[in-house]
Structures are given as structure tokens and as C-alpha cells.
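Quick one: this structure, given as C-alpha cells, is what I'll be asking you about.
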Amino acid sequence: MVNGKKVAVVMPAYNAEKTLEKTYAEIPRDIVDIVILTDDCSRDNTIQKAKELGIEEILVHERNKGYGGNQKTCYNRALELGADIVVMLHPDYQYTPKLIHSMVYVIAEGVYPVVLASRILGKGALKGGMPLIKYVANRCLTLVQNMLLRQKLSEYHTGYRAFSAEVLRNIKYNVDSDDFIFDNEMLAQIFYAGYEIGEITCPTKYFDDASSINLKRSSIYGLGVLRVSAVYRLCKWHLMKSKLF
């Protein structure tokens, strides 16, 4: 716990057998009370590896629900278990668990209710192996999103996030997409509800076993990001209604 607040780390897993042990070993158990892993019908031995490591909560989907659907299961279970702060950490070791302390303390001290670990703050994105086309797409999409949402985040596309339980309870993330656009819908909901989001810099690591999406799905994701941002602005102007907000 931190300041009497229960801390949960949730890991939405899909084919994470090769990287799970390394990721789990760096989770700081001095402040993390419980680790929850949800397996989205992996085709490798992710579940067996999770059991060997002694992860407390292992949830298994009977069918593949997608990246967003996997997160929904994680957050719902964390809230059921009484978590006050929830950190979403990918088990593919692309993001270092060593930042959990910093992210949790920002929320526990009441500085921000949501914290993103940004790969763009600083100069480490390209140095860490982020493909140039992804870097350019990230910067362009973030520019448009900041204009439409009237915010100033360095990026909206990191998968490393921490939330207060209050935020999770007060946004309708369960109506969001089960696909990758879930992440952006969730951030739009957070801003729409009037919450602020803090950022810390995060080193970037790209390697063969790190998860990634192909060009086609990346393009679909990019169009989805633009749609979410446009819907957000139209709803703010009271020109339309959306189930998201």
C-alpha cells in the first residue's frame, strides 16, 4: 500500500510466455498488493508460466476478446478486489516495471488521478527502437488529438497507464471497443469527465518478442483515433451524443 491505498497491477496477456517472467520479476512488491493477469486465449504457455511464478489472480478468457476486452476484465477484477490505484502493465517487457513506484506515488499523493508513461517525453523513442513511421504517426495523431481535445499530452498511445479507482468507476470504459482503440476512447472519457492526466518519461524498448500490430491494423487504429477525437469535440459542442460520454 501507499498512503493506505491498495495498489493493483493488471497485465492483459496474449502470448506472453517468453517475457512474462522478466516483467513480473521487476514489479515492486513493496508497494504492489496484488497482481492480476488476464489471458486472452494465448496459443503458448502463458497460463502455465503465470502459475509457476505464483501470480495471485489469473483470469482466463474462454474466447479471445481483444486488447480492449482484455483490459475491461482486468479493471473490473481490480475494482472487485478493492484496489484504490490500478496500474496497467504489458507483460511483453516493452515498458519497464521500475516506473511503477513513480506512477503510483503521483496518484497516491493526490497530484494527478491518472498517470501515463510517455515514450515521447525526452529523446528516447527513436533511440529505443521505435520505427520511424510509428514515431511520425504518433506525433501527427497526438497533434490532432491535442487540438480537438484541447489538451497538451506528449502522446496518447502509450500502453503504460495508472488510474485511481475513482476515475475507473466514473467513466464508462465497459462500453468502449474491445479492439486497440479502447485506449484512446478511455483517455477521451477521462478528459470529458473533467479529470487531469499527468505524464512521466518512459524509455522505449522494441524487440522481437515485444507485442506490436501490423500496418493494416495500425491504419485502422489511426482512423479510429481521429474518429474518437472528432466525436469528443462534437459532443463538447453539444452537436451530437455518444454512448462513450
Side-chain angles (χ1 to χ4, degrees), residues 9-14 16 19 23 26-27 66-68 70-72 74-75 85-107 111-146 148-149 151-164 167-168 171 173 176-177 179-191 195-207 210-213 217-218 221-222 224-226 228-229 232:
V9 168
V10 298
M11 295 194 290
Y14 180 70
T19 54
T23 304
E26 292 187 9
I27 294 175
Y67 175 64
N70 205 349
Q71 285 191 66
K72 292 175 189 178
C74 286
Y75 298 139
I85 299 173
V86 182
V87 182
M88 196 267 281
L89 173 68
H90 289 184
D92 63 358
Y93 202 63
Q94 189 174 4
Y95 302 99
T96 173
K98 294 178 181 179
L99 290 178
I100 290 175
H101 273 113
S102 299
M103 297 171 76
V104 167
Y105 274 97
V106 169
I107 296 175
V111 181
Y112 288 102
V114 178
V115 179
L116 305 182
S118 170
R119 300 164 296 177
I120 303 301
L121 284 174
K123 300 180 179 180
L126 293 174
K127 183 179 178 181
M130 179 181 284
L132 179 60
I133 188 170
K134 288 194 173 186
Y135 178 82
V136 172
N138 186 309
R139 305 310 301 128
C140 291
L141 286 173
T142 294
L143 174 63
V144 174
Q145 288 176 277
N146 277 332
L148 290 174
L149 274 64
Q151 300 293 337
K152 290 186 177 181
L153 292 183
S154 67
E155 76 157 322
Y156 290 76
H157 315 292
T158 174
Y160 198 3
R161 301 151 177 239
F163 310 91
S164 70
V167 169
L168 292 177
I171 62 171
Y173 65 84
D176 293 349
S177 169
D179 209 342
F180 288 98
I181 197 62
F182 172 90
D183 276 351
N184 261 261
E185 291 177 337
M186 198 175 184
L187 293 184
Q189 289 170 325
I190 290 168
F191 280 134
Y195 293 107
E196 292 186 335
I197 298 177
E199 295 181 282
I200 65 172
T201 186
C202 176
T204 306
K205 290 183 288 188
Y206 280 82
F207 51 94
S211 61
S212 184
I213 58 176
R217 297 199 72 181
S218 294
Y221 169 80
V225 166
L226 298 177
V228 171
S229 301
Y232 175 97

Check A117 against T158 and note the closest heavy-atom contact, atom names and distance.
->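 Looking at all heavy atoms of both residues, the closest pair is O-OG1, 2.7 Å.
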Does I181 offer a backbone N or O that forms a donor-acceptor pair with the side chain of D179 under 3.5 Å?
->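 Between the backbone of I181 and the side chain of D179 there is no qualifying donor-acceptor contact (under 3.5 Å).
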Would you find a donor on one side and an acceptor on the other, under 3.5 Å apart, between the side chain of R161 and the backbone of D183?
->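 Confirmed, R161 side chain pairs with D183 backbone.
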When the ring planes of Y173 and Y75 are compared, do they come out parallel, tilted or perpendicular, using 30° and 60° as the limits?
->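 Judged by the thresholds at 30° and 60°, the geometry between Y173 and Y75 is perpendicular.
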Would you find more than 12 non-hydrogen atoms of other residues, nucleotides or ligands less than 6.0 Å from L143 atom CG?
->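 Atom CG in L143 is packed in, count exceeds 12.
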With rounding to the nearest 0.5 Å, note down the distance linking CE in M103 to SG in C202.
->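 Separation between the atoms: 8.0 Å.
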Check the side chains of Y232 and Q145 for a donor-acceptor pair under 3.5 angstrom, ignoring hydrogens and angles.
->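 Distance-only check fails for Q145 and Y232.
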Determine, stepwise, if the pair T142 / I120 fulfils side chain to side chain contact (heavy atoms under 4.5 Å, CB included).
-> CA-CA 10 Å; T142 294; I120 303 301; over 6 Å; no
With a 4.5 Å heavy-atom cut-off, do L168 and M186 have their side chains touching?
->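 Yes, their side chains come closer than 4.5 Å.
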Residue among L99, L116, I200 satisfying side chain to side chain contact (heavy atoms under 4.5 Å, CB included) with Y160 =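 Of the listed options, the one satisfying the test is L99.
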Please test L141 against L226 for side chain to side chain contact (heavy atoms under 4.5 Å, CB included), starting from the C-alpha separation and ending with a verdict.
-> CA-CA 8 Å; L141 286 173; L226 298 177; 3.9 Å; yes
What pair of heavy atoms forms the shortest contact from S154 to L121, and how long is it?
->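 Heavy atoms only, the tightest pair is OG-CG, 3.5 Å.
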Measure the NZ-CZ distance between K134 and R139 for me, rounded to the nearest 0.5 Å.
->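 Separation between the atoms: 16.0 Å.
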S164 versus I107, closest heavy-atom pair with distance =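 Scanning both residues, the minimum pair turns out to be CB-CG2, 3.9 Å.
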Test log, rule side chain to side chain contact (heavy atoms under 4.5 Å, CB included), inputs Y112 and I197 = CA-CA 6 Å; Y112 288 102; I197 298 177; 5.9 Å; no
Heavy-atom closest contact (L132 atom, L126 atom, distance) =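 For L132 versus L126, the nearest heavy atoms are CA-CD2, 4.1 Å.
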For the student: nearest non-hydrogen atoms of A162 and V87, plus distance =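 Nearest heavy atoms, A162 then V87: CB-CG2, 4.0 Å.
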Does NZ or CZ of K205 lie under 6.0 Å from the centre of the six-membered ring of Y93, at an angle within 45° of the ring axis?
->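 Yes, a cation-pi geometry holds between K205 and Y93.
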Answer yes or no: does atom CD of E196 have more than 12 heavy-atom neighbours from other residues, nucleotides or ligands under 6.0 Å?
->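 Counting other residues, nucleotides and ligands, CD of E196 stays at 12 neighbours or fewer.
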Side-chain donor-acceptor pair under 3.5 Å between D176 and Q71, yes or no?
->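 Short answer, no.
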With no hydrogens and no angle check, is any side-chain donor or acceptor of R119 less than 3.5 Å from a backbone partner on Y135?
->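 Not confirmed, R119 side chain does not pair with Y135 backbone.
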P113 versus Y195, closest heavy-atom pair with distance =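 Taking every non-hydrogen atom into account, CG-CD2, 3.9 Å.
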So do M88 and Y95 actually touch side chain to side chain, heavy atoms under 4.5 Å?
->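 Of all side-chain heavy-atom pairs linking M88 with Y95, none is under 4.5 Å.
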Output the distance between atom CD1 (I27) and atom NE2 (H101), rounded to the nearest 0.5 Å.
->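 That separation rounds to 12.0 Å.
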Identify, with sequence neighbours excluded, every residue that meets side chain to side chain contact (heavy atoms under 4.5 Å, CB included) alongside Q151.
->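 By the side chain to side chain contact (heavy atoms under 4.5 Å, CB included) rule, Q151 matches N146, L149, Y156, F191.
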Checking E185 side chain against S177 main chain: does a donor-acceptor pair fall under 3.5 Å?
->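 At least one qualifying donor-acceptor pair exists.
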Between T19 and P91, is there a donor-acceptor pair closer than 3.5 Å when you use the side chain of the first and the backbone of the second?
->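 Such a contact is found between T19 side chain and P91 backbone.
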